[in-house]
Amino acid sequence: MSEPQYLTGRILLAMPGMGDENFEHAVIPIFVHGEEGAFGVGIGHLREGITFHDVLREMDIEPGVAPDCPIHHGGPVETGRGFVIHSTDWTDDSTMLVEPLGALSSSAAILRAIADGEGPDRWIMSLGYAGWGDGQLDEEMHRHGWYAAEGRPEILFETEAEDRWAATWAAEGVDPSLLVGQTGNA
């Protein structure tokens, strides 16, 4: 029997026609995948009507020098919970380092550091996450709902949210226009 292939550090791409509107053109860096399940944070879609300054003010943090940038839709689970995906030049006790993606933090300390100009050089914030129970992601992979791309920090930090799905496919050597009209029921 072969060892399971865990996807920590990879970027999940939703296959066209996967049948779940929550994940249409989803781009989800995977930060944990093991025997007990998987956890990732979406970066392929922006949340409407909320910016980084809104989040800071909600947490009683003065925005300071922080840019007022968009917030990403991290996933359908706990949509009010914030996660910052960032470069590894800033960490605290809540930081999870996952190569090659970088780091993930969820404390108010990173928000304060960004507002004070002392945070990581590169970062994006998402609200919510995507989670899978024991074996659930593995089953969805077998049904062709997802494609596991290489984890590329440039996709996270140098590509606009609306371009990440196509850019990740292109980085894998796949013309995303050839995927249109295909279903996940292969």
Side-chain angles (χ1 to χ4, degrees), residues 1-45 47 71-111 119-120 122-157 159 161 164-165 167-169 171-174 179 184-186:
M1 186 154 208
S2 64
E3 289 290 314
Q5 181 180 357
Y6 295 123
L7 304 175
T8 300
R10 308 281 301 249
I11 298 175
L12 282 188
L13 297 174
M15 295 293 292
M18 80 178 304
D20 187 338
E21 291 180 14
N22 286 316
F23 295 111
E24 184 72 26
H25 285 155
V27 179
I28 304 174
I30 298 296
F31 290 95
V32 175
H33 184 211
E35 290 181 10
E36 296 181 13
F39 167 86
V41 178
I43 59 167
H45 301 289
R47 294 278 292 266
I71 299 296
H72 296 76
H73 177 66
V77 183
E78 292 189 53
T79 58
R81 185 172 176 189
F83 297 92
V84 179
I85 301 170
H86 58 92
S87 52
T88 60
D89 54 338
W90 185 96
T91 63
D92 75 353
D93 292 342
S94 79
T95 302
M96 179 185 312
L97 299 174
V98 176
E99 291 298 326
L101 298 172
L104 179 74
S105 296
S106 60
S107 70
I110 191 167
L111 301 179
R122 303 186 312 172
W123 57 273
I124 56 178
M125 183 173 185
S126 290
L127 291 176
Y129 67 90
W132 294 265
D134 178 22
Q136 184 181 1
L137 179 56
D138 307 292
E139 175 60 31
E140 290 180 16
M141 294 292 293
H142 288 295
R143 287 186 313 201
H144 306 287
W146 297 101
Y147 175 82
E150 291 296 318
R152 293 179 174 90
E154 63 273 13
I155 296 293
L156 279 63
F157 302 116
T159 307
R164 286 187 182 125
W165 187 80
T168 307
W169 280 114
E172 292 289 300
V174 176
L179 299 172
N185 299 324

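Just so it is clear, the values below take in all heavy atoms, side chains as well, and ignore hydrogens, waters and symmetry mates. Residue indices begin at 1 and follow the sequence shown.
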Exercise. Kindly assign one of parallel, tilted or perpendicular to the pair Trp132 and Phe23, based on the angle between their ring planes and the thresholds 30° and 60°.
Key: parallel
Quiz item: Hey, what do you get for CZ (Phe83) to CD1 (Ile124), rounding to the nearest 0.5 Å?
Solution: 13.0 Å
Self-check item: Closest heavy-atom pair and its distance - Ser105, Thr95
Solution: OG-OG1, 2.7 Å
Quiz item: Under a 4.5 Å cut-off applied to non-hydrogen side-chain atoms, are Tyr147 and Thr168 in contact?
Solution: no
Quiz item: Side chain of His86, backbone of Arg122: donor and acceptor closer than 3.5 Å?
Solution: no
Quiz prompt | Exercise: identify the closest heavy-atom pair between His25 and Ala14 | solution = N-CB, 4.2 Å
Quiz item: Got a sec: does the CD of Glu154 have more than 12 other heavy atoms crowding it under 6.0 Å?
Solution: yes
Exercise. Before giving the answer on side chain to side chain contact (heavy atoms under 4.5 Å, CB included), spell out for Arg152 and Glu172 the whole-Å C-alpha distance, their side-chain angles and the decisive distance to 0.1 Å.
Key: CA-CA 10 Å; Arg152 293 179 174 90; Glu172 292 289 300; 2.6 Å; yes
Quiz item: What are the two closest non-hydrogen atoms of Met96 and Phe31, and how far apart are they?
Solution: SD-O, 3.7 Å
Quiz item: Where is the tightest heavy-atom contact between Trp90 and Gly119, given as atom of each residue plus distance?
Solution: CD1-CA, 3.9 Å
Quiz item: Do Arg81 side-chain atoms and Ser106 backbone N/O form a donor-acceptor pair below 3.5 Å?
Solution: no
Quiz item: Would you find more than 12 non-hydrogen atoms of other residues, nucleotides or ligands less than 6.0 Å from Glu139 atom CD?
Solution: yes
Self-check item: Distance, nearest 0.5 Å, that separates CG of Asp138 from NE2 of His33
Solution: 4.0 Å
Self-check item: Ile85 vs His72 side-chain heavy atoms within contact, under 4.5 Å
Solution: no
Self-check item: Nearest non-hydrogen partners of Val98 and Ile30, listed with the distance
Solution: CG1-O, 4.2 Å
Exercise. With side chain to side chain contact (heavy atoms under 4.5 Å, CB included) as the test, would you mind laying out the steps for Leu97 and Thr88 before giving the verdict?
Key: CA-CA 7 Å; Leu97 299 174; Thr88 60; 3.9 Å; yes
Exercise. Please tell me if the side chains of Ile43 and Pro29 come closer than 4.5 Å, counting only heavy atoms from C-beta onward.
Key: yes
Quiz item: Hey, does the side chain of Arg10 reach the backbone of Ala148 with a donor-acceptor pair shorter than 3.5 angstrom?
Solution: yes
Quiz item: Name the one of Leu104, Ile28, Leu127 that satisfies side-chain contact (heavy atoms from CB on, under 4.5 Å) with Val41?
Solution: Leu104
Quiz item: Taking only residues two or more places apart in sequence, or in another chain, which ones meet Glu24 in a salt bridge (charged side-chain N to carboxylate O under 4.0 Å, His left out)?
Solution: none
Self-check item: Taking every non-hydrogen atom, the tightest pair across Leu137 and Ala38
Solution: CD2-CB, 3.7 Å
Quiz item: Mind checking whether Val27 and Leu156 have side chains closer than 4.5 Å, heavy atoms only?
Solution: no
Quiz prompt | Stepwise side chain to side chain contact (heavy atoms under 4.5 Å, CB included) test for Ile11 and Arg164 | solution = CA-CA 10 Å; Ile11 298 175; Arg164 286 187 182 125; over 6 Å; no
Quiz prompt | Heavy-atom side-chain proximity of Asp92 to Ile110 below 4.5 angstrom | solution = no
